[in-house]
Protein chains: 2
Amino acid sequence: MATKPDARRRVEAGQCDAYDPSCPSRPLLDRLADKWVVLLLSALADGPLRYSDLARIVGGVSQKMLTQTLRVMERDGLVSRRVTPSVPVRVDYGLTPLGWTLMPLMYAVKEWSEVHVEEVEAARATYEADL
Amino acid sequence: MATKPDARRRVEAGQCDAYDPSCPSRPLLDRLADKWVVLLLSALADGPLRYSDLARIVGGVSQKMLTQTLRVMERDGLVSRRVTPSVPVRVDYGLTPLGWTLMPLMYAVKEWSEVHVEEVEAARATYEADL
DNA sequence: CTGGATCCACACCGATACTG
DNA sequence: CAGTATCGGTGTGGATCCAG
């Protein structure tokens, strides 16, 4: 718990600003602002899931994007990967403590799109009509 | 205020699910899960801003992406665009009531990346080391 | 079952030049 | 000031095949 106060101090001191393209938080934000990251973190909200479960829950995701996104999230310390060396092999993905702090935000974005999609569609229809 | 209860009912009934690629909320989520959307909505948290202000605050954004992203957000009913026909012309962008409900979520994501960037960098270093 | 590897079309996006 | 238009490199991402 030594890095969080430091980071918070840097943020308050304006030393870490996602508005600044040279700040490390910018590429991080770029990785997080991703459709699959939002859906995968949301899917893991209720506990660890197997690779095939994630592929089933998150519809339309290709094997490539599923594996690729999980790798990046694992690399960033958001999800943990546990391999059970059975035959066939079994792999479970779960949220790390760090990923657990991000999940609610992503879940909120997913829910927002579900709840407000009709309002957005209506706005789009109005915009088209006024064209 | 008639659409919101309907939408919420549809969500609770499972008729609107971002996990389903054929649900309209999926392409919406895809548009929202964007670096520039997060930064622009966050930038408008303190009130309307001019085009040039947004370009200055959100570093590294090209004219093309700035205009394009603002157009999509306007079309989706997230931001309002008000033109003052002076010379030279002045354009102000602000959050709509709908955009105002989304802004806190995006702002939270931006702040998360700023606060936790060091932890993520540390996780990445560990991942590289274990390779 | 859980990927890794490859190919390739396409969309994205930055740079640049130009305009009311 | 606030865009529009266009071009071209680059990366994304789906499909497919293969492997442990």
Side-chain angles (χ1 to χ4, degrees), chain A residues 18-22 26-40 43-44 48-76 79-94 127 130-131, chain B residues 18-22 26-40 43-44 48-76 79-94 127 130-131:
Chain A
Y19 290 135
D20 179 2
S22 64
R26 171 66 72 89
L28 172 59
L29 176 60
D30 200 15
R31 290 197 300 277
L32 299 181
D34 178 79
K35 178 181 37 176
W36 303 125
V37 171
V38 174
L39 292 174
L40 287 174
L44 292 173
L49 289 172
R50 300 182 58 173
Y51 181 88
S52 51
D53 292 330
L54 287 169
R56 177 179 42 80
I57 293 173
V58 179
V61 64
S62 64
Q63 281 191 354
K64 175 180 177 177
M65 288 315 296
L66 180 54
T67 300
Q68 188 178 89
T69 307
L70 286 170
R71 283 288 173 282
V72 172
M73 290 196 297
E74 185 194 3
R75 197 164 82 122
D76 287 342
V79 301
S80 61
R81 181 174 182 267
R82 190 178 40 205
V83 181
T84 305
S86 55
V87 179
V89 85
R90 172 199 176 111
V91 181
D92 287 271
Y93 290 92
Y127 187 90
D130 293 354
L131 223 62
Chain B
Y19 291 135
D20 179 3
S22 64
R26 170 66 72 89
L28 173 59
L29 177 60
D30 200 15
R31 290 196 300 276
L32 299 182
D34 177 80
K35 178 181 38 176
W36 303 125
V37 170
V38 174
L39 292 174
L40 287 174
L44 293 172
L49 289 172
R50 301 181 59 171
Y51 181 88
S52 51
D53 291 330
L54 287 169
R56 178 178 42 81
I57 292 172
V58 180
V61 64
S62 64
Q63 279 194 351
K64 176 179 177 177
M65 289 315 295
L66 180 54
T67 300
Q68 187 179 82
T69 307
L70 286 170
R71 284 285 174 283
V72 172
M73 291 197 296
E74 184 194 3
R75 198 162 95 115
D76 287 342
V79 300
S80 61
R81 179 175 182 268
R82 191 177 40 205
V83 181
T84 305
S86 56
V87 179
V89 84
R90 172 196 176 110
V91 181
D92 286 270
Y93 290 92
Y127 187 90
D130 291 356
L131 224 59

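- Residue B:Val89 places its side chain closer to C:dG20 than to any other of C:dG14, D:dG3, C:dG20.
- Atom CG in B:Asp30 sits about 8 Å away from atom P in D:dG13, given to the nearest Å.
- One atom, CD of B:Gln63, and another, P of D:dA5, lie 14 Å apart when rounded to the nearest Å.
- Side-chain proximity of A:Thr67 to D:dT4, D:dG14, C:dG3: nearest is C:dG3.
- Taking five base pairs at each end of the helix from C:dC1-D:dG20 to C:dG20-D:dC1 and finding the rotation axis that steps the C1' atoms of four pairs onto the next four gives two axes whose angle is 50°, to the nearest 10°.
- How far OH of A:Tyr51 is from CG of A:Leu66: 4.5 Å, rounded to the nearest 0.5 Å.
- In terms of modelled atom types and a separation under 3.5 Å, the side chain of A:Arg26 and the main chain of A:Tyr19 share a donor-acceptor contact.
- Between the CE atom of A:Met65 and the P atom of C:dT2 there is a distance of 19 Å, rounded to whole Å.
- With rounding to whole Å, A:Leu70 atom CG is found 14 Å from D:dG13 atom P.
- Nucleotide C:dA15 holds its P atom 14 Å from the CG atom of B:Leu66, rounded to whole Å.
- Spacing between atom CZ of B:Arg81 and atom P of D:dG3 amounts to 4 Å, rounded to whole angstrom units.
- Using a cutoff of 4.0 Å between basic side-chain nitrogens and carboxylate oxygens, B:Asp76 and B:Arg31 are scored as salt-bridged.
- In this structure, A:Pro88 and A:Arg71 both approach DNA chain C, and ranking their closest nucleotides by distance from the 5' end singles out A:Pro88.
- In this structure, A:Lys64 atom NZ and C:dC10 atom C1' are separated by 13 Å, rounded to whole Å.
- Atom CG of B:Leu40 sits about 8.5 Å away from atom CG of B:Asp34, to the nearest 0.5 Å.
- Between the C1' atom of D:dC1 and the CG atom of B:Asp53 lies a distance of 11 Å, rounded to the nearest Å.
- Out of C:dG3, D:dA2, C:dC13, the shortest distance to the side chain of B:Val91 is found at D:dA2.
- Comparing C:dC13, D:dA2, C:dT2 by their closest approach to the side chain of B:Gln68 singles out C:dC13.
- Between the side chains of A:Tyr93 and A:Arg81, a donor-acceptor pair is found at a separation under 3.5 Å.
- The side chain of A:Ser52 places an N or O atom within less than 4.0 Å of a non-bridging phosphate oxygen (OP1 or OP2) of C:dT2.
- Here A:Tyr93 reaches the OP1 or OP2 of C:dG3: one of its side-chain N or O atoms lies under 4.0 Å away.
- Side-chain N or O atoms of A:Arg50 include none that pairs as donor or acceptor with a backbone N or O of A:Asp92 at under 3.5 Å.
- The closest donor-acceptor contact from the side chain of B:Thr84 to the backbone of B:Ser86 lies at 3.5 Å or more, if one exists at all.
- Minimum atom distance to the side chain of B:Arg50 is reached by D:dC1, of the listed D:dG20, D:dC1, D:dC7.
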